[in-house]
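One structure is given here, and the rest of the page talks about it.
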Amino acid sequence: MSQLTWDFKKFEELSADALYKILKLRSEIFVVEQNCVYLDMDDKDQQSFHLCGWIDEKLLAYARILPPGIAFTEPSIGRVSTHPSFRKNGAGKLLMRQAIEKTYAQFLSNSIKIGAQLYLQAFYANLGFTQTSEPYLEDGIPHIEMLHSK
């Protein structure tokens with residue numbers, strides 16, 4: 001796997017080009033690939049941090065880091081995305097390890113809560129998350145809440 005260069009920025013620190021690439025990748029995955037016709041932009045981006053994994057000028061990995069009180073009482077990681085051409089080589093695990101590290105460092109919290117798509121339960125469990133809710137529908141897709149603790 002080629003080496004990713006990581007950026008971790010507040011919304012207002014993102015360039016217009018970076019923001020465009022983030023929204024394009026999220027649309028490719030959450031709208032087109034998952035056939036989910038729900039609005040991705042939910043007014044949480046402006047309050048969040050954005051973790052981007054780049055090779056040259058191409059965005060290949062992305063996660064949104066939400067402060068406590070935005071999605072959950074705890075800080076949260078969401079919109080976890082790896083470019084389809086960059087999957088199956090550990091990129092998702094690398095992205096999540098970076099996101100977990102950045103979240104704990106930024107918010108000095110002892111836990112991180114996520115709303116995970118149900119089919120990814122084992123993926124997140126392998127990263128130390130445990131299921132904390134019954135399945136529920138979000139934007140027509142089954143999800144569960146999961147918690148990671150230090």
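It should be emphasised that the depicted structure is a prediction, and the values quoted were computed from it without experimental measurement.
Remark: the backbone N or O of Ala91 is paired with a side-chain donor or acceptor of Asn89 at under 3.5 angstrom. Looking at Ser133, its side chain does come within 3.5 Å of a backbone N or O of Glu145 through a donor-acceptor pair. Using a distance-only test at 3.5 Å, with no hydrogens or angles considered, no donor-acceptor pair links the side chain of Gln34 to the main chain of Val31.
Across Arg26, Arg79, Lys9, a single residue satisfies salt bridge (charged side-chain N to carboxylate O under 4.0 Å, His left out) together with Asp45, and that is Arg26.
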Point to revise | Worked check of side chain to side chain contact (heavy atoms under 4.5 Å, CB included) between Arg97 and Leu127 | key: CA-CA 8 Å; Arg97 286 188 190 115; Leu127 290 161; 4.1 Å; yes
Review point. Taking it one step at a time, do Leu60 and Ser85 satisfy side chain to side chain contact (heavy atoms under 4.5 Å, CB included)?
Key: CA-CA 8 Å; Leu60 295 172; Ser85 69; 4.3 Å; yes
Exercise for review: Carefully, step by step, assess Arg64 and Asp40 under the rule salt bridge (Lys or Arg N to Asp or Glu O under 4.0 Å).
Suggested key: CA-CA 12 Å; Arg64 179 172 75 176; Asp40 173 50; over 6 Å; no
Point to revise | Steps toward side chain to side chain contact (heavy atoms under 4.5 Å, CB included) verdict (Thr73, Lys113) | key: CA-CA 8 Å; Thr73 304; Lys113 193 168 213 176; over 6 Å; no
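For the residue pair Tyr62/His83, the side-chain donor-acceptor check at 3.5 Å is not satisfied. For the 3.5 Å distance criterion, the side chains of Gln117 and Glu138 fail to qualify, holding no donor opposite an acceptor. Counting only N and O atoms by type, the side chains of Gln121 and Gln131 include a donor and acceptor under 3.5 Å apart.
Residue Tyr136 qualifies as enclosed at atom OH: its count of foreign heavy atoms under 6.0 Å is above 12. The number of heavy-atom neighbours closer than 6.0 Å to NZ of Lys88, taken from other residues, nucleotides and ligands shown, is 12 or below. Within a 6.0 Å sphere centred on CD of Glu134, other residues, nucleotides and ligands contribute 12 heavy atoms or fewer. Counting non-hydrogen atoms of neighbouring residues, nucleotides and ligands closer than 6.0 angstrom, the CG atom of Asn35 reaches no more than 12 such neighbours.
Between Ala125 and Met146, the shortest heavy-atom contact is N-CE, 4.0 Å. Residues Leu14 and Ala18 approach most closely at CD2-CB, 4.5 Å, considering heavy atoms. The shortest non-hydrogen separation linking Ser111 to Ser109 is O-OG, 2.8 Å. Nearest approach of Ser76 to Ile114, heavy atoms of both residues: OG-CA, 4.0 Å. Between Pro67 and Ser48, the shortest heavy-atom contact is CD-CA, 4.1 Å.
Grouping the Ile, Leu, Val, Met, Phe, Trp and Tyr side chains by contacts below 4.5 angstrom, directly or via other members, places Val80 with Ile55.
The CD1 atom of Ile22 sits 8.5 Å away from atom CZ of Phe11, with the distance rounded to the nearest 0.5 Å.
The aromatic rings of Phe129 and Tyr124 stand perpendicular to each other, their planes meeting at an angle above 60°, with 30° marking the opposite boundary.
Ion pairing between a basic and an acidic side chain is recognised when a charged N comes within 4.0 Å of a carboxylate O; Glu101 and Lys150 show no such pairing.
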